[in-house]
Structure formats: C-alpha cells, structure tokens
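Labels below follow one simple rule: chain letters A, B, ... track the order of the sequence lines, proteins then strands, and each chain is numbered from 1.
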Amino acid sequence: MRTIRAGEGDQRQLLLSRWTRGFLGSMPVTASSFRRRIRRLPRCLLRCPDYLREEFMQDQEIAQAVAGLDPEAQRLYRIRHSLAHVLAQAVLSLQPTAKLGFGPPVENGFYYDFDLEEPITAADLPKLQKKMKEILRQKQSFTRTELPADQAIEKTTAMGQPYKVEASSDLRAKGVEVISFYENGPFTDMCEGPHVETTKEIPEDAFLLDSIAGAYWRGSEKNKMLTRIYGLAFARKEELDDYLARRKLAQERDHKKLGRELELFHIEEEIGKGLILWLPKGTVLRDEVEALAKEFEFRYGYERVSTPHITKQELYYRSGHLPYYKESMFPPMEVAEDDSRAMEGDAPGEAAGARPKEVFYLKPMNCPHHHMIYKHRPRSYRELPVRLAEYGTCYRFEQSGELSGLLRVRCLTMNDAHIYLTRAQALEEIRTILQMYREIYAVFDFTRYRFRLSLHDPARTEKYHDDEDLWREAEAVLKEALEREGVEYYVGEDEAAFYGPKIDIQFRNLLGREETVSTIQYDSVAPNRFDLTYVDEHGQEERPVVLHRAPLSTHERILSYLIEHYGGAFPTWLAPIQVRLITVSDELLPYAEELRGILRAEGVRAEVDLSPHSFGKKIRNGAIEKLPILLVIGKKEAEERAVTVRRYQIEQQDTMPFAEFHNLLRDEIRTRRHVRPA
RNA sequence: GCUGGCGUAGCUCAGGGGUAGAGCAGCGGUUUUGUAAACCGCAGGUCGGGGGUUCGAAUCCCUUCGCCAGCUCCA
C-alpha cells in the first residue's frame, strides 16, 4: 500500500501537499482513502495556481487519479481551460502587443493575466466576449505539440512572450525535459493542457467575462502587476444562470449590506477606516455572543481577566512583537509627564525637559498581558491548567487594501484565552478545546468550515523559531488531538505561527472566500521569553506550555459570518429585537404594553409598535426588519388574554394563551433554539 | 500597499457644461385600521474634499480621501 505523506522534504512534495492535503484529509493517506477522497479533487485542481498545478500534475498517482475523474468534471475543466486560451486569442486580436501571463481554469470559470500597453476596462468586456464567440464559431481545433525544454524556450522567445520564456526556463531549471504547447487557430500557448478537441465543444451561452482586476506576476508583490480578466464558465447555460442567481442571493446577504439595513453597525469616514461603530442592535449581537462564550468558558474552567488597551513598549520587546510585528501595529505614542498635555505644534522637547519619554503602543494582542498575569506570582503544578480568558480589544494597523467590512478591521475584540499547563497536560486540554469548539459551532449550525493543521516549514528559518524539537513535539500533539477526537482535517504547510503550530478553522463565506475564524495555537516561545514557570511536585521550576485559543474569533469576524449565515434573520436568542407586539388598533395598546412589561421584566427584548402606521404596514415593517416573532393583538386576543404568534417567514400562525407563548419563548431563548421555516 | 471601478439627500438611484430630481425613510396633519406599503403636505444635498479649465462645473482635467473587487499581506 503506497502512503502519501506530507512534508517529505523536497519542494515538489511540499507544494503538492500544500495544495492537496485539503482533499486528502488526515494523513498519512492510504491508497484506499485516497481513492475515496479523489472525487473532491477537481475543486482543488481548479483553485490551484497554474504554476503550482504543473508541479501537481507531475505526481504520477495524482495525474492518474485526475485522468480517472468523472468525465463531466474533466469536460468542464477542459472547457474552462480552453476558454482561457480563447480569451487570450481575443485580447491579442485587439492588442497584438499584449504579453501573456498564466491563464488557468478556476472555480466557476477561468482567468488570464495580461501585460497590456493599452489598459482594458470593464467596458471592453462585452467587445471581448463577442470576439470570443466569433472564435468559438470558427470551430478551431486544439493540437498539442511537445518540444524539448531548450526548444520550448527558443519558441517562446521567438513568440515575443517574455513571461512564457520565464516560465519555460523555470520548468527547465526544475528538470522538466519536455514542454507542451497547444495551438488553436492562429493562437499558440505554452500549456500543460488538457483542452477540448475543438471550440465546437464549448457552449457559446454558458460563459461570461465577469470582471477585471490586477494580479502580481506569479503572485509576488515584487513583480509587475498584470491585468487579470476573470470569466465564468459552465458546461450549460442553466448552470451559469444558476450560479449567477446564487451569487445574487449571496450578495443580498452580504453583511455590509445587512449591517446597514438592519442598523447593526456603521463605519464613519471621520472616525477612520476599519474602525467600527457598533449601533445598539449590533451591540446586542456582540453581547449575546459574548454571553455564550462566557457561559462555555465558565463551564470549561476559565477565569476572566481584564487588561488595558495601551502598554509600554518594553512589554512588546519582551514578547517579540517589536520589532518583528511593528508594521502591523499603530505607531507609538511618546509621552513624558511634563509634556503630556503639550499641544501639537509645540517645539519638541521644549516642555519635556530632560526627562526620558515613555513610549506606549496600542496593544495588537492580549497574550503578553495574560502572560504577565500568569507570572505575577509563583505558580504550582497543582493549579495548572490556568485558563485566563478575556474579550480583549486590540488594534492592528492592517494594510488599507485589506480592510473589508467587519471581516478585516483595525480595532477588534477577541474571544481570547491563554491556557498555561504542563507539557503532559497539553494533549488532553487540546482535545477538550476541540470538544468545546464543536459544541459552540453546533449552537449556530455551522457547516461550512474545515479544520486545518497549520505546520511550519523547516526551510523558512526567518519565519519560524528554530527549535526543531519543540516543533516536533507541538505538531505531534496537535495532530494526535485531532485524530483522537476524530476530527477531519487537512494540513496547511507553512501556515504555522512563528511561535508554534496551530489548528485553524477555516470558514467559507457565501461567496466562497475562505478565512480563518477560530484558532488553537501551541506556543513554545512565550514561556521562555516571559520566563514563565511553575513549581512541580519535586519543587523544581519547570516551563509550562501556552495554548492560545479563540473559538468565537473576534466579534467583528464572527458577526460578519453570523449575519451572512442567518441572512440577518437571527434566531430569537440572538435577535436584537426578539418580540414586537403589534396591535390592530390603538385602543389595544394598554394590553400590549402590559405584555411587553411582563416580557421585559424577564430580560426579553420586547417592544410595542407605537408608530402611526396602519396595521398592514406594521406587519410589513416587522417582516422587513426580519424580527423573529411578531405578536398580533386584536380585540379577540385581548379578550381571551391570548396572542397570535407570527414568526419570520413561517406562514402558519398560532393563536394561544399568552402564558403558553411565554413558556415556549422562555424555553426557546434558554436553549438557543432556532425556529426556522420547514 | 498595488491594479481597476465607483463616490449625487439617512437608504436605493436618475441627471454627464446652463442655478440639483424621484421613490422609500423622516417631520406635520388627516385616518383607528385583522396580517407585506392609508391619504395630504413639509423639510432635507458645498453632488466625498481641495485645486484647475470655462462667462458658467454635479458634469471636463489634476490631486486627495473613502468605498468595492481582485492581488499581496495576515502572530
């Protein structure tokens, strides 16, 4: 039985493992489990950048597996890949001097990168698309030719395609002997393939040039930025339409849009980018999520702490954030007692005298503070694990282009905790953390996530600490915890933190983008840097291990997911307004207000609609605001001390005694039950 | 940070050289209503900011800020 293992050292294997482990899952992977999972491979292939795919396809076993993919997936792959060539052909016909980068198939379609003399804008896309359709109608056939690497380099040079020259030279440098070309009509491209036989196979109405964006050549910031044209492509028109409809639906649920419409949060230019103003309703969401976290953490033996937002630079030299992490931190504040009130514009030093200034930073993380709490007195092995939890607010100077709604911000509040324990306790504790994570996810019915074991790359000494023994131990513990808990996971090579490996939980949002939401990190560095100790049963001082964990991420990030996950229609326990009472006429208001009083006395977020609108309008407003429960009160209900319960998007309405409703509601909120349309 | 696109009323959007518009929301009246929009009226904008071209700029040019998408980054 052949076993494919990650991290076999050579570069190719590393690349391979990086892009395939997600689909191969737990390692080592046996041939049988490999075959079982191979069905999921196409997506991986499609998401894999072109230059890595070449590496990827050279693995015999994988290449064969791909060849054995279901014919439909293969066909789609060929269509998308061929459309990329057709796009390049169309671009060249408009701009013969365009230089070609890579043009691979990707999830939902394809792209091609161009170095253009004349910029192309979105307005040019219809023209290009028309040209592509003309090309398709020409029924051009694709023919493959193979050349020895040397000749391939000559050929690409003769073609006047410098990027292809670079790519072919690199392939030769890696020992590739034969390089293939595909020719269709007047167009030739260096390409691994495979392609359709002729453009006839490509349906004219199932693709669409979608967007234009910049992309660095070979994905490196140091290289020139090329123009990338994205296209959507499917095997049938209905699939394209279906995808477009799904995307439109996803856009309707965009947390930025819902955040504005439902008055959850606001970003004010005058306050600063990436700095969120949480409106009253959004603050309820934060508070409820926080209450959930505190409940779990109490149950799992955490103690809460609280730490300041600014701290002297000395702490960050000790932690190693300075100078290493400096570019992600807000610039320092220099303060001297004498000039702390000095106005901007005063001559520097004038008021300060000779007194040395203190330098403060906004904290980018909570860990250093928690470490100081741990070490404020000697610790005994008897009290380990010590679990310190804080919803800590941190400030990070993220690159401006990275900021996006709630997903990437500059002020964030983390569901943070640090666990201090002996090395022997680590495995059990990590298993317990994993259990807690899964319990928490179950509350929200999360399904679009996967676990990633994020390991270090021993070759990148500049990125990681250099104690290989510690790496081995830490990576083994995380891996074993995952396996003992029966968690499906994949391996992310070169995804560790500098201080240790991690288990990251990758969530996929509605538009398919994946982000780390939760994390569990094994820190082998902090204990030394902070000189953390405990006294063991023999009276010896020992180093504890530190685990960082954040199941509920940051308020900002988890709420961006929750808003999209629920499409703004939150379950009752989470909803900013849980119950709105709507009266058929004003004379019933006193009854409604009495019920509201009863509910609010118990902490239920209930309100009476006192607006001057018509009854119908009040119902409509309640629906637009996506409130989970509207209580309709007419004469009939008032006489019987009843209510009519109307739930969001549930047609069936029930009239019941208020007391009965009250019991149901109490239970629904306590158990955090989500009542949804069937 | 880079590339491209976009900034008009609280929101969604029209207007593309000749003094700024609609719907919704808001406010004031009238209406007292049984399940997704009652009626009438009022108010609301340095057209993101700054500079330029022009007799005249929301409109053309430059610059700056912000937003969006992608790329890069993400302890």
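Here His548(A) and Tyr499(A) bring their ring centres to under 6.0 angstrom of each other. For Phe110(A) and Tyr112(A), the distance between ring centers is not under 6.0 angstrom. The distance between the ring centers of His370(A) and Tyr420(A) does not fall below 6.0 angstrom.
Crowding of Glu268(A) atom CD: a count of heavy atoms from other residues, nucleotides or ligands under 6.0 Å exceeding 12. Residue Lys463(A) qualifies as enclosed at atom NZ: its count of foreign heavy atoms under 6.0 Å is above 12. Residue-environment remark: CD (Glu462(A)) exceeds the threshold of 12 foreign heavy atoms within 6.0 Å.
Between the side chain of Glu637(A) and the base of G34(B), a donor-acceptor pair under 3.5 Å is found. A donor-acceptor contact under 3.5 Å is not formed by the side chain of Glu270(A) with the base of C65(B). For a distance-only test at 3.5 Å, the side chain of Gln653(A) qualifies as a donor-acceptor partner of the base of U35(B). The base of C71(B) is not paired with the side chain of Arg228(A) by any donor and acceptor separated by under 3.5 Å.
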Heteroatom pairs (N/O) under 3.5 angstrom, protein to nucleotides 4-13 of chain B:
{"from": "U12(B)", "atom 1": "OP1", "to": "Arg260(A)", "atom 2": "NH2", "distance (Å)": "3.2"}

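Rounded to whole Å, the P atom of A9(B) lies 11 Å from the corresponding atom of G45(B). Taking atom P on both C68(B) and G21(B), the two are 31 Å apart, rounded to the nearest angstrom. Spacing between U35(B) and A25(B) at atom C1', rounded to whole Å, works out to 22 Å. Of the C1' atoms belonging to C60(B) and C47(B), the separation is 15 Å, rounded to the nearest Å. Between A14(B) and G23(B), the two C1' atoms lie 11 Å apart (nearest whole Å). Look at the C1' atom in both U72(B) and G4(B): the space between them is 15 Å, to the nearest Å. Rounded to a whole angstrom, the distance from the C1' atom of C24(B) to that of G44(B) is 14 Å. Taking atom P in both U54(B) and U64(B), one finds a spacing of 23 Å when rounded to whole Å.
Mapped onto RNA chain B by nearest heavy atom, Lys273(A) and Leu226(A) fall at different nucleotides, with Leu226(A) at the one closer to the 5' end.
No engagement by Lys618(A) is indicated, since no non-hydrogen atom pair under 4.0 Å with the nucleic acid exists. Note on Gly405(A): only backbone sugar-phosphate atoms sit closer than 4.0 angstrom, heavy atoms only; bases stay farther off. Counting non-hydrogen atoms under 4.0 angstrom, Arg396(A) reaches the backbone sugars and phosphates but no base.
In this structure, Glu475(A) does not pair ionically with Lys479(A), as no charged nitrogen and carboxylate oxygen lie closer than 4.0 Å. Salt-bridge formation is not detected for the pair Asp416(A)/Arg549(A): no Lys NZ or Arg NE/NH1/NH2 atom is positioned less than 4.0 Å from an Asp or Glu carboxylate oxygen. Glu594(A) and Arg641(A) are joined by a salt bridge, as a carboxylate oxygen and a charged side-chain nitrogen come within less than 4.0 angstrom of each other.
Searching all strands for a Watson-Crick or G-U wobble partner of C6(B) with both distances below 3.5 Å returns G66(B). Nucleotide G28(B) forms a pair with C40(B), judged by Watson-Crick or G-U wobble geometry with both contacts under 3.5 Å. Remark: A20(B) base-pairs with no nucleotide in the shown strands. Criterion, Watson-Crick or G-U wobble with two distances under 3.5 Å.
Of the candidates G34(B), A69(B), C73(B), G34(B) carries the atom nearest the Val632(A) side chain, counting heavy atoms from C-beta on.
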Per-nucleotide protein contact string for nucleotides 23-31 of chain B, where B marks a base within reach and S marks sugar-phosphate only (heavy atoms under 4.0 Å, - for neither): --S------

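Atom OH of Tyr648(A) is separated from atom C1' of A36(B) by 11 Å (rounded to the nearest Å).
Figure legend: cation-pi geometry between Arg410(A) and Tyr395(A) absent, as NZ or CZ is not positioned both under 6.0 Å from the six-membered ring centre and within 45° of its axis.
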